There are 2 protein chains.
Amino acid sequence: MSLLDYFKTSKTSSASLAKERLQILVAHERVSKDQPTYLPQLQKELLEVIQKYVNVDRNSISVSFEQNDHQETLELNITLPEQQANKF
Amino acid sequence: MSLLDYFKTSKTSSASLAKERLQILVAHERVSKDQPTYLPQLQKELLEVIQKYVNVDRNSISVSFEQNDHQETLELNITLPEQQANKF
């Protein structure tokens, strides 16, 4: 299953709620666990970029960060305000 | 299945290749299909942010963009150079 398939299968239930949502996922597969992580810093910058395009309430962001020897994943789930105007 | 589970299940085969990879996925669930899309522009800015942290060869980036009435998904798959140094 590809990542895009994952989103397709999860689409129906989400769409029925008629909420506008933005989901961002970053996965970093590392060869060595000794490398420094930059995902937490990256997260801040990603949010700054996102906020150029949409109005994001900080309380509407849920963040998950997981780390093991070979992989780090950062997941941001953002529920956008109803009937918001895009910023451009 | 959560998104993080998806990455966990796909981890084993990828790790065995000992390639360092970065995968970024953005899914935008929209209430109305009449809204303008900003994901292609967002993609450029995301790559600019990523390049602050890692050396990315443009030829090592694969991009998928899919769009339907209620969802847009942008997927970036980046294979990082072997034994690269992080930029910080």
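From a predicted model like this one, the values you see are computed outputs, not experimental measurements. These values consider heavy atoms only, across backbone and side chains, with no hydrogens, waters or symmetry-generated copies. Residue numbers start from 1 in every chain, and the chains themselves are labelled A, B, ... in the order their sequence lines are given, proteins ahead of strands.
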Exercise. Would you give the length of the straight line joining atom CG of B/Leu25 to atom OG1 of A/Thr73, rounded to the nearest 0.5 angstrom?
Key: 12.5 Å
Practice problem: Please name all residues satisfying side-chain contact (heavy atoms from CB on, under 4.5 Å) with B/Gln67, sequence neighbours left out, ordered by chain then number. | Solution: B/Arg30, B/Thr37, B/Phe65, B/Glu72
Self-check item: Nearest heavy-atom neighbours spanning A/Glu45 and B/Val49
Solution: CB-CG1, 3.6 Å
Quiz prompt | Gap separating the OH atom of A/Tyr38 from the CD1 atom of B/Ile50, nearest 0.5 angstrom | solution = 6.5 Å
Quiz item: Going by heavy atoms in the side chains, are B/His28 and A/Leu80 under 4.5 Å from each other?
Solution: yes
Exercise. Hey, could you give me the CZ/CD distance between B/Arg21 and A/Gln71, rounded to the nearest 0.5 Å?
Key: 9.0 Å
Quiz prompt | Rounded distance (nearest 0.5 Å) linking atom CD1 of A/Ile24 with atom CD1 of B/Ile24 | solution = 9.5 Å
Quiz prompt | Sub-4.5 Å side-chain heavy-atom contact between A/Tyr53 and B/Leu39 | solution = no
